[in-house]
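Position 1 is the first residue of the sequence, and the numbers go up from there. One-based numbering, in listed order, for ligands and for the atoms of each.
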Amino acid sequence: MATISDQFQARLQWFGNQGMLSGRTYVLVSGSQQIDATITRIKYLLNQKLEKPLATTSLEKGQEGVCNISLAAPLEFEAYAIDPELGAFNLLDSKNGELLARGFIDHGLRRADNIHWQKLEINKQLRAEAKSQKPCVIWLTGLSGSGKSTIANQIEKQLFATGKHSYLLDGDNIRHGLNRDLGFTDADRVENIRRVAETARLMLDAGLIVITSFISPFRAERAMARSLFEPGEFIEIFVDTPIEECEKRDPKGLYKKARAGEIKNFTGFDSPYESPGNPELRIDTLDQDASESATVVMNYLAIGAGATPIQG
Ligand code: ADP
C-alpha cells in the first residue's frame, strides 16, 4: 500500500547548472502530482570513487546525494525499490519549469506523522482584535545601503505613534543572534531568509505588525516567504536605490571593502540581486526622504493620520 506523507528521504541526481540549495523550494512532479518541495537537509554525497559516502552541504551539477525533503502538501508515494513508478519524481525550477533533478525515494520520515499542528483556542484573529490592528509583514528588500533600515525605523516610529504594536527584524541584528551561524554564501542566504520568514510568521500569528529589513536578494526566497502568509498579509516593498547611490552613501563602509576585495559574496558585486517583478510598493529614495517613504507605507496600510485603521 502506498504511503501518504509530506516528508521523505530520497536519492537525488542533480542536473541543474546552479547547485542545489538546502532550504530552497522547488517543484516536485510525480505522475500527476505536483507539489512544492524544500530540501531540508543534504545528508551525504554518493561518490562512486570513494568507498564511503561523503558528507556535504550542497549538490552540484552531475552529483548524486541523499537528502531529506519536505513538501507543502502530502504526496502519495512508495519506496523506489518497491515501486519504480510511485517512487520516482522530477524536481523542477519553480521560476521557469526547467528540469533540475531526478529523485528516487528511499522511505518516508516518521517525524512527519508524529508532529501534529496544535490547535489553540486563542488564535491569530482574536489576538489581532485585542490589539485593534491587522497583523501583516512589511518586507523591505533592496541593496545594502539602499535605505531599508532607515525607512524601517521610521515606519516603526510612525506605527508606535498611532498606538500600533510592531516589531522590527533587522538583518544585522538577527545575524548577531538567531542566525549567527550563517555566512553569505548562496546556501546561507537562503537559510537566513527562511528563518526570518518563519520568525515573522510566528510574530504575525501573535498579532504584530512585523517589519523586516533584509537584502533578501533572491526572488525564490521572497516567494517562499510570501507563501507562508495569507493573501494580503505579505507586503513586499522594493527600496529601489541605484547601486551607484548606495555606494556613494556606503553607511557601513562595505562597498569600499568590497571594491578592495576584502569582502566576498557582496550583493551587487560578486553576488546577484534579483529585483522584485511585482512588489506591492516601490520606494524611490532619490525622490523622498525616509520619513516620507514611511508615510507612503502607512497610507498603504491605511494607518496614516486621519485614516481609519483597518480592523483584523
Ligand atoms: P540598508 O538597511 O538598506 O543597508 P541603511 O538604512 O542602513 O541601508 O543606510 C542607508 C543610508 O542612506 C543611511 O545613511 C541614510 O541616512 C541614507 N539615506 C539618504 N537618503 C535616504 C532616503 N531617502 N531614504 C533612506 N535612507 C537614506
- [ ] Distance to 0.1 Å, residue and atom name: give those for the protein heavy atom nearest to atom 13 (C) of ligand 1.
- [x] Thr150 OG1, 3.7 Å
Open item on the list: Under 4.0 Å, heavy-atom basis, I'd like to know which part of Leu143 is in contact with ligand 1: side chain, backbone, both or neither.
Closed with: backbone
- [ ] Check whether any heavy atom of Gly142 sits under 4.0 Å from an atom of ligand 1.
- [x] no
Open item on the list: Under 4.0 Å, counting heavy atoms only: does Ser293 come that close to any atom of ligand 1?
Closed with: no
- [ ] Have a look at ligand 1 and work out which part of Gln288, if any, has a heavy atom under 4.0 Å from it: side chain, backbone, both or neither.
- [x] backbone
- [ ] Determine, using ring centers only, whether Phe184 and Phe266 are less than 6.0 Å apart.
- [x] no
Task: 4.5 Å side-chain heavy-atom contact, Arg175 and Asn192 - done: yes
Task: Any N or O of Ile151 closer than 3.5 Å to N or O of ligand 1 - done: no
Open item on the list: With a heavy-atom distance limit of 4.0 Å, tell me whether Thr285 approaches ligand 1 through its side chain, its backbone, both, or neither.
Closed with: both
TODO: Considering heavy atoms of the protein only, find what lies nearest to atom 4 (O) of ligand 1 and give residue, atom and distance to 0.1 Å.
DONE: Gly145 N, 2.8 Å
Open item on the list: Would you say Val196 ends up clustered with Leu228 if hydrophobic residues are merged whenever their side chains have heavy atoms under 4.5 Å apart, either directly or through other cluster members?
Closed with: yes
Open item on the list: Heavy atoms only, cut-off 4.0 Å: how does Arg249 contact ligand 1, side chain, backbone, both, or neither?
Closed with: side chain
TODO: Indicate, as side chain, backbone, both or neither, the part of Pro251 found under 4.0 angstrom from ligand 1 when only non-hydrogen atoms are considered.
DONE: side chain
Open item on the list: Please report whether ligand 1 has a polar contact with Ser213, defined as an N or O pair separated by less than 3.5 Å (distance criterion only).
Closed with: no
TODO: Counting heavy atoms only, name the option from Gly147, Ser144, Ser291 that's nearest to atom 8 (O) of ligand 1.
DONE: Gly147
